[in-house]
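Note that these values count all heavy atoms, side chains included, but never hydrogens, waters or copies made by symmetry. Here the structure is a predicted model, which is why all the values come from computation and not from measurement. Counting begins at 1 with the first residue of the sequence.
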Amino acid sequence: MLPETVSKKRITEMPTGTHLAIISSVAILMDADKKPIMIENKFPGLIVKFTNNSKQQHEQLYVMDNGIRQKYFMNMITAAQVKIPEGEKVKAKDCIGKRLWISIQECHHINDDTPVLGFDNLPVIEYYIFKVYPVIEGKPGPSILGDPALNNGIASDSFVTYKNFSLPENNKPVN
């Protein structure tokens with residue numbers, strides 16, 4: 001059984017880039033009444049917290065939809081080299097402490113060419129894990145085009161993406 005968590009805002013302390021991280025917690029997404037929150041009214045969510053060597057944290061939501069979104073979770077579990085006995089489900093205790101490389105992408109919210117501003121009057125930028133890699137002892141971490149660590153601190157290429165809220169399917173208020 002996974003532990004419960006209640007969070008008003010996802011933690012995104014790690015900057016854009018690739019980080020050596022450990023899985024520090026795995027929990028079912030819960031509301032204030034400790035009931036599971038169902039994504040799209042039918043899929044449970046898992047919140048996985050990652051911590052790097054600088055003690056910065058990043059929380060990632062994984063949707064357990066038995067489809068492509070759940071595949072992201074399974075790819076992460078595989079990269080973390082979590083062993084799952086045949087016929088059993090992933091247990092939080094088997095994940096905690098596992099190391100892996102995570103690459104975090106920044107997603108800028110825009111309205112055509114204008115940044116969308118949040119309640120604090122700052123541009124809305126979300127951060128997501130978009131690639132995961134296993135730790136291989138004696139080998140350096142992955143080198144990915146656009147990683148700010150390899151580009152004088154500037155994120156580019158696959159480390160930066162945009163979500164245009166002027167498009168009809170994205171026409172929802174932010175914050």
Side-chain angles (χ1 to χ4, degrees), residues 5-32 36-65 67-77 79-80 95 100-133 141-142 144-175:
T5 187
V6 176
S7 178
K8 304 253 186 281
K9 182 174 180 182
R10 300 286 158 248
I11 297 170
T12 57
E13 298 169 340
M14 286 186 212
T16 304
T18 301
H19 305 268
L20 177 60
I22 66 162
I23 299 171
S24 48
S25 72
V26 179
I28 297 170
L29 181 65
M30 305 288 249
D31 66 16
I37 295 173
M38 303 305 277
I39 311 294
E40 298 169 5
N41 293 321
K42 54 186 168 184
F43 304 120
L46 291 181
I47 300 294
V48 179
K49 187 183 296 182
F50 300 89
T51 306
N52 67 12
N53 291 339
S54 301
K55 303 297 182 214
Q56 294 170 313
Q57 297 181 333
H58 176 83
E59 287 183 347
Q60 184 77 24
L61 170 66
Y62 292 97
V63 179
M64 308 310 285
D65 66 352
I68 188 70
R69 293 183 289 184
Q70 187 167 334
K71 185 177 176 188
Y72 294 125
F73 175 77
M74 296 311 295
N75 287 343
M76 183 274 297
I77 291 297
C95 302
L100 70 158
W101 291 98
I102 60 173
S103 294
I104 297 177
Q105 175 186 73
E106 56 189 59
C107 178
H108 296 258
H109 290 208
I110 59 171
N111 184 343
D112 292 328
D113 293 332
T114 306
V116 173
L117 301 179
F119 67 91
D120 52 5
N121 215 30
L122 294 173
V124 176
I125 303 172
E126 293 181 302
Y127 298 88
Y128 302 101
I129 294 173
F130 74 102
K131 290 198 183 268
V132 292
Y133 300 92
I144 306 168
L145 184 66
D147 191 332
L150 306 172
N151 195 24
N152 296 322
I154 299 169
S156 63
D157 295 302
S158 58
F159 284 86
V160 180
T161 188
Y162 299 90
K163 187 171 186 178
N164 192 346
F165 282 85
S166 71
L167 302 174
E169 67 271 7
N170 293 327
N171 198 8
K172 301 176 199 166
V174 175
N175 290 346

Extract all donor-acceptor atom pairs below 3.5 Å that involve side chains of residues 37-50 and protein atoms in other chains or at least two apart in sequence.
from, atom 1, to, atom 2, distance (Å)
Glu40, OE1, Arg69, NH2, 3.2
Glu40, OE2, Arg69, NH1, 3.0
Glu40, OE2, Arg69, NH2, 3.4

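Atom CZ of Phe159 sits about 4.0 Å away from atom CG of Asp147, to the nearest 0.5 Å. Of the inter-residue distances, the one linking Thr12 atom OG1 with Gln57 atom CD reads 11.0 Å to the nearest 0.5 angstrom. Rounding to the nearest 0.5 angstrom, the gap separating the CD1 atom in Ile129 from the CG atom in Leu61 is 11.0 Å. Taking CD1 of Ile110 as the start and CG of Asn164 as the end, the distance is 4.5 Å to the nearest 0.5 Å. Separating the OH atom in Tyr127 from the CE atom in Met14 is a distance of 13.5 Å, to the nearest 0.5 Å. For the atom pair NE2 (His19) and CD1 (Ile104), the distance works out to 4.0 Å, reported to the nearest 0.5 Å.
In terms of the side chain to side chain contact (heavy atoms under 4.5 Å, CB included) criterion, residue partners of Pro142 (sequence neighbours excluded) are, by chain and number, Thr18, Trp101, Tyr133, Ile144. Under the rule for a salt bridge (Lys or Arg N to Asp or Glu O under 4.0 Å), Asp157 has no partner lying at least two apart in sequence or in another chain.
One side chain, Glu126 or Tyr128, offers a donor N or O that lies under 3.5 Å from an acceptor on the other. Side chains of Glu106 and His108: a donor-acceptor N/O pair is present below 3.5 angstrom, by distance only.
The nearest pair of heavy atoms linking Gly118 to Val124 is N-CG2, 3.5 Å. The two residues Val26 and Cys95 make their nearest non-hydrogen contact at CG2-CB, 3.9 Å. Heavy-atom minimum distance, Ile28 versus Pro36: CG2-CB, 4.2 Å. Across all non-hydrogen atoms, the minimal contact from Leu117 to Pro123 is CD2-N, 3.7 Å.
Two residues are said to be in side-chain contact when any heavy atoms from C-beta on lie closer than 4.5 Å; Leu145 and Asn151 fail this criterion.
No donor-acceptor pair under 3.5 Å is formed between the side chain of Gln105 and the backbone N or O of Phe130. Within the 3.5 Å criterion, the main-chain N or O of Gln70 finds a donor-acceptor partner in the side chain of Asp65.
When each of Gln56, His58, Glu59 is tested with Glu13 by the rule side-chain contact (heavy atoms from CB on, under 4.5 Å), just one qualifies, namely Gln56. A side-chain contact (heavy atoms from CB on, under 4.5 Å) with Thr16 is found for one member of Ser156, Cys107, Pro148 and no other, namely Pro148.
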